[in-house]
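Whatever order the structure lists them in is the order used to number ligands and atoms, beginning at 1.
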Amino acid sequence: MKESIIKVKGLVKKYGDFEAVKGISFDVNEGEIFGLLGPNGAGKSTTLEIIETLREKTSGKVWVNGFNLDQKPEEIKKIIGVQLQTSGYYPNLNLVELITLFNGLYNRNVDPMNLLEMVNLKDKAKAKVKELSGGQKQRFSVATTLINDPKIVFLDEPTTGLDPQARRNLWDLVRNIRDKGTTVIITTHYMDEAEVLCDRVAIIDSGNIIALDTPDRLVDNLVSTGFERPREVKKANLEDVFIKLTGHSLREE
Ligand code: ADP
Ligand code: MG
């Protein structure tokens, strides 16, 4: 039996009269990559930010690592890693200086170069965030979530707007984080990303969870209803052609 590290029960969020999250329930298992997959406006960020203690809920219950959100938000904050908007970083500090600053804020002593190596940014140690490519910015932002050695990392659309190589690099990074034992909860509106990256996916639409399972089982269930794709599926697609032609590794640098 897998242990759940996040439990959400009947979560509701209203903005005025508008119900953005309509009583959703789900569990996230320890050590998995859990995806919240849905279109813009589905309620993904709202849900994530409530669990992160950054937004007030209207009703419902949330537990993170056994801590009740209503009673122990400070305990929850200590064990989670949250991505900040890269625009929020101090513009005049380089990557090493920023990590040192975060070390101070979290009362940690992470070696900046080790952390940069993990996210493949060692050669950018002296660069400022504004000098990084989109993919590099996202990898740095993911790195900053790891400084307090969290049990759970929250990533809100970390690959939106990235090119295919940068997306794959970020997927590798997310898998590395999971493989080290950290639970990852990630939002995306990319179906292919959820399919290849997530261990389990909740499909969320207009504030409701309409399906929740492994990507494999979600697809198998659809196939078992007699569904077939309209034309024969080729063994590769245009994105594969693009990656093959342009190369996979760190092309964004
Ligand atoms: P997603 O992250 O899936 O795109 P959000 O959680 O950001 O969705 O938003 C869900 C719905 O709630 C959207 O219709 C959005 O316009 C609305 N919403 C989000 N934040 C606010 C807010 N602060 N005030 C009013 N409405 C909001
Ligand atoms: Mg969002």
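Considering both main-chain and side-chain atoms, Ala20 never comes within under 3.5 Å of ligand 1 through any nitrogen or oxygen pair. For Phe18, no nitrogen or oxygen atom sits less than 3.5 Å from a nitrogen or oxygen atom of ligand 1, counting backbone and side chain alike. Considering both main-chain and side-chain atoms, Lys44 comes within under 3.5 Å of ligand 1 through a nitrogen or oxygen pair. The N/O atoms of Ser45, backbone and side chain alike, include one that comes under 3.5 Å of an N/O atom in ligand 1.
Of all atoms in ligand 1, listed by their number and element, those nearer than 4.0 Å to a heavy atom of Asn40 are 4 (O). With ligand atoms numbered from 1 in the order given, ligand 1 contributes 3 (O) to contacts under 4.0 Å with heavy atoms of Pro39. Which parts of ligand 1 touch Arg55 is read off a 4.0 Å heavy-atom cut-off, strictly below it: atoms 20 (N). In the vicinity of Ala42, heavy-atom distances shorter than 4.0 Å reach the ligand 1 atoms 1 (P), 3 (O), 8 (O). Heavy-atom proximity to Thr46, at under 4.0 Å, picks out these atoms of ligand 1: 5 (P), 6 (O), 9 (O).
A salt bridge links Asp192 to Arg167: one of the charged nitrogens lies within less than 4.0 Å of a carboxylate oxygen. A salt bridge is defined here as a Lys NZ or Arg NE, NH1 or NH2 lying under 4.0 Å from an Asp or Glu carboxylate O, and Arg200 with Glu32 meets this definition. Arg175 and Asp172 are joined by a salt bridge, as a carboxylate oxygen and a charged side-chain nitrogen come within less than 4.0 angstrom of each other. A salt bridge is absent between Lys13 and Glu56: the closest approach of a Lys/Arg side-chain nitrogen to an acidic carboxylate oxygen does not fall below 4.0 angstrom.
Within a 4.0 Å radius of atom 20 (N) of ligand 1, the protein contributes one or more non-hydrogen atoms. At least one protein heavy atom sits closer than 4.0 Å to atom 25 (C) of ligand 1.
Taking the side chain as every heavy atom from C-beta outward, Ile33 and Leu197 approach each other to under 4.5 Å. Between Asp149 and Tyr106 the shortest side-chain heavy-atom distance does not fall below 4.5 Å. Counting only heavy atoms from C-beta outward, the side chains of Asn169 and Arg139 approach each other to under 4.5 Å. Two residues are said to be in side-chain contact when any heavy atoms from C-beta on lie closer than 4.5 Å; Val153 and Leu146 meet this criterion.
Around the Mg ion (ligand 2), the protein N, O or S atoms closer than 2.8 Å are Ser45 OG, listed by chain and residue number.
Using modelled atom types and a 3.5 Å distance limit, the side chains of Gln136 and Glu131 yield no donor-acceptor pair. Under 3.5 Å, the side chains of Thr188 and Glu193 contain a donor-acceptor pair of N or O atoms.
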Show which side-chain atoms of residues 59-69 pair as donor or acceptor with protein atoms under 3.5 Å away, not counting sequence neighbours.
residue : atom : partner : partner atom : Å
Asn68   : OD1  : Asp70   : N            : 2.8

